[in-house]
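Residue numbers start from 1 in every chain, and the chains themselves are labelled A, B, ... in the order their sequence lines are given, proteins ahead of strands.
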Amino acid sequence: MDIDSLLKRRESRGSHPKKLGKPSTTKKVEEFDLMNESQKILSASSFNGDSNGELHHSNMLETSINAASESDVSNSDASKSDTPSPVSLSVEKTTTLVDTVEIDLQIAASKSDVSNSAVSVSDASKSDASNSAVSVSDASKSDASNSAVSVSDASKSDVSNSAVSVSDASKSDVSKSAVSVSDASKSDVSSSAASVSDVSKSDVSSSAASVSDVSKSDVSSSAASVSDASISHLSRLTTAETTQSRLETSIQGASALNHRKAGATAARNDEKESIYSEGLRPNYIGSLDETYETLVQLAHSSLGLRELKAANYLLAKAKGVKNIEIQYTNPEISLATNCHTSHISSVMSALEENGFIKKKRGKGSEKSTFMLI
Amino acid sequence: MELFLTPADVAELFGITVQAVHKMLKEHGIATQLKGQRTHKIYPDMLNKLLEIRGGVSRVRKSFAIHTLKGGVGKSTLCHALGSRASCYGFKTLMIDLDKQANLTNSFGISDDDEMTTMLELYEKHRTGEKGYDFRDALYEISPYLHIIPARLELANLDLSIQLNSTNISKLFPGMLKGAKEEYDLILFDLPADFNRVTMATHAFADCALIPINMDAFSIKGLKLTQAHVDYVRREFDGSGDFRVIINKFDARNTLSFELMADLKILYKDTPFLCSKVIPVSKPIETAFASGENLWSLARTKVPALEGFESVLFEMMQMDAWKNTPPRRSSKRAASEGGVEHGH
């Protein structure tokens with residue numbers, strides 16, 4: 001068994017594995033970049049030794065973890081802003097655009113230190129928020145222009161059971177903000193975990209992600225409930241970033257799938273259109289004299305109605321031009337002749353036997369062709 | 001273990017018919033059949049005699065380190081199959097088991113519980129400069145043409161010993177195996193799925209690394225890392241840096257196999273690094289290997305993997321040239337033709 005013959009045999013079978021099914025998620029060889037990666041690996045210090053046999057093991061795992069965390073951070077939108085944001089916000093979207101919203105808040109800013117903070121987070125204790133785990137209010141209505149995330153208070157109203165209430169403080173300029181989340185929770189959000197509303201009031205043109213309009217009412221069942229005060233843990237920050245990047249991928253995947261479905265339907269419609277375009281109706285007869293002559297010839301032969309119908313269609317499709325290969329499919333002829341698809345191949349064979357056409361079977365995904373003789 | 005060729009194998013090797021092989025054996029009085037036995041067994045000595053009759057062949061001398069970081073790809077099986085078959089073809093073969101799990105050792109029916117001399121003991125003796133040190137003390141003879149230095153679990157300490165004693169890696173095996181390259185045509189190292197000083201020393205000593213891979217993504221990752229390791233040894237310890245990638249356990253039912261193989265083919269285009277032969281997946285081979293049977297006693301027609309192993313051996317040891325050796329003409333015919341020529 002050698003490689004060349006195996007690959008040739010595979011090709012001759014006409015299978016195209018890469019086109020079938022979902023796009024392969026398995027890493028391909030080129031992704032590993034065998035020739036160039038070696039240098040990287042060596043420099044990544046799996047072995048740093050000298051010629052005397054001394055070897056210094058470095059922690060490969062550590063390197064990889066560092067590398068991974070770096071890449072994660074670079075992918076997340078939050079990291080793009082250069083402000084030392086104490087608030088991390090992740091938006092989880094599953095199937096639809098804004099099905100699930102998850103907000104992680106890390107509160108590190110105290111009341112005093114608000115002036116220079118990128119995001120101003122303050123206490124919501126002004127209002128009646130006895131059961132709320134975290135309440136975040138605004139202190140920075142003035143200077144929020146460069147803030148990565150603007151989170152303000154909504155807890156003035158009744159948010160007794162709400163875990164977190166996030167409101168709008170960003171009516172001012174938040175053009176540079178990465179994500180702007182505004183309030184929807186002024187109303188009744190008693191059992192909701194988090195409420196996020198429209199930000200469209202402000203200018204979010206350059207924002208990396210804008211989370212708009214989560215149904216104000218129905219957030220209660222959202223998977224992401226930001227309850228605990230332990231949100232302040234740094235680990236949540238990383239998780240949020242990872243989740244966000246993962247979500248972006250899944251959203252892209254979902255939209256690609258929709259596109260593909262839509263594309264397939266459109267292609268099918270196009271095919272139908274092309275069959276009937278330019279007068280290629282089932283009963284259309286091209287050049288009348290010639291067609292009539294041919295059909296009479298065929299009628300005198302032992303062919304049946306199906307064959308005549310198909311011949312008529314093929315003549316029309318070829319516009320009477322002989323010796324030119326024209327692609328066809330069985331469903332297409334089936335549609336034109338009102339015959340079942342399963343009969344078409346025998347119909348075409350009969351036409352070939354009677355010297356009307358010469359057909360050529362397509363290899364693999366190629367379409368078959370016919371040629372008027 | 002009885003290692004021999006059949007007349008059909010020899011016929012294929014010489015590119016002649018089986019009948020012609022029998023005729024040749026009969027003409028030169030080489031007895032291949034024992035009384036009461038049906039099979040004709042052509043042992044390496046007999047093959048060498050046949051080769052001499054046909055004008056002789058040139059044998060290459062090589063040492064291979066069979067190594068990859070990914071486990072379970074068939075390193076030991078490849079070592080077993082190549083070593084045992086090469087010895088059938090008359091190559092004086094030495095196999096060195098450096099894997100502490102001792103699978104290669106066990107596959108020849110040698111128990112690793114015995115008090116055997118492994119490379120660890122050899123290293124200690126060599127390091128302390130013991131008088132009369134000879135690596136041949138550790139040899140087990142499987143057949144006259146096939147020897148093995150076995151392994152057992154204690155071999156795990158070899159890496160540590162090398163580290164503690166700050167042994168020069170590039171000079172380790174040339175010292176320990178002094179004279180081996182001259183004595184043996186083929187030296188095969190069965191390495192563990194690991195990177196350490198032992199693997200580095202082996203790559204520094206061996207002429208070429210054989211990297212068996214399966215057609216899956218993790219194997220490709222293993223290949224990448226092993227290739228980097230070999231390259232590192234080449235730069236730091238003056239290794240050869242040569243390697244061959246062998247596709248093992250190839251499964252034609254798997255679409256991914258073809259995709260990866262095509263990608264590898266493109267990647268190694270115009271380079272000799274990818275072995276052109278493929279070893280298909282085989283259950284009988286796995287079973288025979290685990291039970292310590294002779295792989296080559298399996299029915300060739302039923303086990304295509306054997307063909308794969310043999311093709312790889314032919315490619316590695318440049319044995320394809322053997323087929324092109326023209327048969328020596330019989331003296332009677334040569335004389336008669338010579339006479340005619342002379343007459344002209």
Exceeds 12 heavy-atom contacts within 6.0 angstrom, atom CG of B:Asp238
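Result for CG/B:Asp238: open.
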| request: Using non-hydrogen atoms and a 4.5 Å limit, figure out which bit of B:Ile247 sits close to chain A: side chain, backbone, both or neither. | output: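 Contact with chain A is through the side chain of B:Ile247 alone.
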Open item on the list: Is B:Leu274 close to chain A through its backbone or its side chain, or both, or neither, when contacts mean heavy atoms under 4.5 Å?
Closed with: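 The answer is the side chain of B:Leu274.
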Q: Kindly compute the distance separating CG (A:Leu7) from NZ (B:Lys265), expressed to the nearest 0.5 Å.
A: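 Answer rounded to 0.5 Å: 7.5 Å.
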Note to self: Is any side-chain heavy atom of A:Ile3 closer than 4.5 Å to one of B:Lys277?
What the structure shows: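 They are not in contact (no side-chain heavy atoms under 4.5 Å apart), so the answer is no.
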